[in-house]
Asker: 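Just dropping this structure here.
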Amino acid sequence: MQSLGLAIDWSRELATCDADYYKWNQWLFLRMLEKGIAYKKTGTVNWDPVDQTVLANEQVIDGRGWRTGALVEKREIPMYYFAITRYADELRSALDGLAEWPERVRTMQANWIGRSEGVDVDFPWADDTRALLEREGNLRVFTTRADTLLGATYVAVAAEHPIALAAAKGNPQLAAFVDECKRGSTMEADLATQEKKGLPTGLHVQHPLTGERLPVWVANYVLMGYGEGAVMAVPAHDERDFEFAQKYSLPVKTVIASTSGKYESVAAPWQEAFAEHGVLVDSGAFNGLSSAAAVDAIAATLASKSLGQKRVQFRLRDWGISRQRYWGCPIPLIHCPACGDVPVPDKDLPVRLPENLVPDGSGNPLGKTPAFYQCKCPTCGGDARRETDTMDTFVDSSWYFLRFASSGNNDAMVDARANYWLPVDQYIGGIEHAILHLLYSRFWTRVMNEMGLVKTPEPFANLLTQGMVLNHIFVRTSGAGRREYFNPADVDLVVDPATRESRATLKKDGSAVTYEGFGTMSKSRLNGVDPNLLTEKFGADTARLFMMFTAPPEQSLEWSDEGVLGANRFLRRLWKAVYEHVSNGGAVADADVRALLVAGALSPADRDLRRTAHQTLAKVEDDIGRRRVFNTAVASVMELLNAIGRHAADAGAAGAASRAVRQEALELAVMSLSPIVPHVCHELWQQLGQGGQLWRTRWRKADPAALVQDQVEIVVQVNGKLRGRVSVAPDAAEEVVKAAALADENVRRFFEGREPKKVIVVKGKLVNVVV
RNA sequence: GCGGACGUGGCGAAACUGGUAGACGCAGCAGACUUAAAAUCUGCUUCCCGCAGGGGAGUGCGGGUUCGAGUCCCGCCGUCCGCACCA
């Protein structure tokens, strides 16, 4: 790693599993607890009833535990949360300031936070329901389409909603349905694709405006975690409600007239236009209002009756950090039968994670380790139980960059050095972190900012989301279904050019293995590349050049041994070009170069090379500095080297002036490539007679005089098709360019006998003749 | 299902602001050097027609806007990433 020349400051190396690090997770958790940013409430987890353990989402396969095959239940357990939603608005609006972040990441975060303006609407209980439930008050729903309120034909609540649970008490069928909803996945993707199902509760509410009696249903498409866990259903103007209403024969009442003319009344099958905004109909006093105006009017009317008000709702949920796992930072709390939940005093931090436990696959080992959980209450001194949940490891990664900047300080979480270094000038991570890690880090930094611990509210000024590195996957499946992977270095892959069929055989014994194409490099698939072997064989610069040249950084990179060889070949050619130049007449001193080039009496071939060299320098500067693409920068230096080779082979370019041009061109090639290939370029810079360290040398600027061209090629099109090329002076008048284009013999063939209708001239680029 | 991206030769890719599609490289083919091979160097290399000058087609598919579309718009198809307990 060191030899790759990445300039990492290893003296600051840290590990988030060190107590010296996670102590500060605990310390900040306690500060957040004091401010109410950390709090406790129940959350839903996947519960494996056989292993008696909480499962991660990907450990639930088709609704069953991966190890036991038992049907997984959703279970509500107490958990700790960070109130990231308190920061939702600022996290969202501050995205505008992150101009150097990729647009798509900002869009993804904005959508994730998902601000929506809507109205809380209270549906009063019907008299009989109020008597039945023995409760006063209303059923509250949140809606972004208050304009469709008069089209509401029922109200639906989530299975976990208190009303659903209350109704289920005297209703075995409903209780069974609520139970059924508890099974299955907690994943949003599964919830969104599952078949819509529901049951009536037998309870009723009154429409807040008309007093109409509406039934209350339990529906599996209503999420407890969003809004109020209850919705007003408007089948005419919401696709989910429509589907549900069709299935259970509930009434559909059209209250919006299409202004785009896409429908007259709502009927099956569902059309997207039904959900469009429009003008209100069949809505009493609100008829004729636009959707936007109606939202305001209806919200005002509801407010006057104390049955609703406008509210902003975020899609973002609070961050549940409790994990029922052994690994991770212990949550610093103690549960005392007398005093309740008591924070661990700062002086007792860190709460250390025991390092000698052996997980047995069921439950959290910490919960079975009395030495860990048995403790005394810090307040009353009585017997108490330590919290055995640990923190989400995303907590660790939310601030390690701050700790990196404050390395070695055992007295404080961060110090003044964090303010010197932060925000991070250039942060790099995979696109898979676009939402969670990057949002949690932004949240965490804001919390620390608010507490006066760091000055910046945002952690990362520039963000590059790099692609993943892929390599061939070779596998052999044994009879028992075991998959044995092979490293690509141990396999010969032959692709038939005609049939494109591939054949993979083991190098050691020629036996066949299955080729599965490209996939991300991973330990489990054994398709990684050892950087040490690579640098030993080709040097660090070859590895660097290959990676920077093969694909733009945002894209995934397919590993290719031939490509590595090609990168190495190019470096050898560069080395050889410098060597041959120097051994054939010596390096030309700076003063001599200046004297010979300023003379201005260069041959056309010399001028061409000089222009190419300066163009290359300018392009590399732009590619690396502005566009942040490196593959095209490398490509342009390759072109320059090709041009230098042709120039050197030219018998007419052996004079002193030509050698001076080549000297300069080689210097610019070496300088241009040096950010990517530092070690080789450092050496070549010396070979070219330049003193000092290349990496300390000021970047040169392209010479405008060298960039001047006396002829430029103009492309001539007839009706947009390429028909010829003409050469003109770069500052030629439009009329001159036009005349030259129309005079071209091949161009004339295409409008023979007809007058051009129109001639479009794009200066310095092309002429298009329209006939 | 929702959100985000991507789709260009045999392959990785380039084309930045609507203006020469395929730069640069890999692989392949031919030639030079060599007893030979490797390495190196030179040339060719999107497909089809033509001896050639040249012509036709072509950027996932179908439409549209424009003098001109890989690029912009509409509608499809496909692939990938994320969806909150993998981290």
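Naming: A, B, ... by sequence-line order, numbering from 1 per chain.
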Asker: I'd like to know if A/K619 pairs up with A/D622 as an ion pair, taking the criterion as any Lys NZ or Arg NE/NH1/NH2 lying under 4.0 Å from an Asp or Glu carboxylate oxygen.
Answerer: no
Asker: P atom, B/C81 versus B/G55: distance in rounded Å?
Answerer: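 Per the computed distance, 45 Å lies between those P atoms.
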Asker: Could you tell me whether A/R240 sits above the aromatic face of A/Y221, with NZ or CZ closer than 6.0 angstrom to the six-membered ring centre and within 45 degrees of the axis?
Answerer: no
Asker: As a test of reading the structure: which of B/C16, B/C85, B/G3 is closest to the side chain of A/R323, going by heavy atoms?
Answerer: B/C85
Asker: Let me check something: any side-chain donor-acceptor pairs from residues 72-81 of chain A under 3.5 Å, sequence neighbours excluded? List them with distances.
Answerer:
{"from": "A/K74", "atom 1": "NZ", "to": "A/C181", "atom 2": "O", "distance (Å)": "2.9"}
{"from": "A/E76", "atom 1": "OE2", "to": "A/T44", "atom 2": "OG1", "distance (Å)": "2.8"}

Asker: Does B/C41 have OP1 or OP2 under 4.0 Å away from a side-chain N or O of A/R569?
Answerer: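 Looking at the OP1 and OP2 atoms of B/C41, neither is under 4.0 Å from any side-chain N or O of A/R569.
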Asker: Got A/T542 and A/V677 here, is their nearest side-chain heavy-atom distance under 4.5 Å?
Answerer: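 Answer no - side chains too far apart.
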Asker: From the options B/A14, B/U20, B/C85, select the nucleotide whose nearest atom is closest to the side chain of A/L722.
Answerer: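 It is B/U20.
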Asker: Base of B/G31 relative to its sugar, syn (within 90° of 0) or anti?
Answerer: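 Anti conformation here, the glycosidic angle of B/G31 being more than 90° from 0.
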Asker: Determine the interatomic distance between P on B/U8 and the same-named atom on B/G4; round to the nearest Å.
Answerer: 22 Å
Asker: For the P atoms, the ones on B/G60 and on B/G78, what distance do you get once it is rounded to whole angstrom?
Answerer: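 Their P atoms lie roughly 16 Å apart.
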Asker: How far, in whole Å, is B/A36 from B/C24 if one measures between their C1' atoms?
Answerer: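 It works out to 33 Å between them.
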Asker: Counting side-chain heavy atoms from CB outward, which of B/C24, B/C16, B/G4 is closest to A/T107?
Answerer: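 Output: B/G4.
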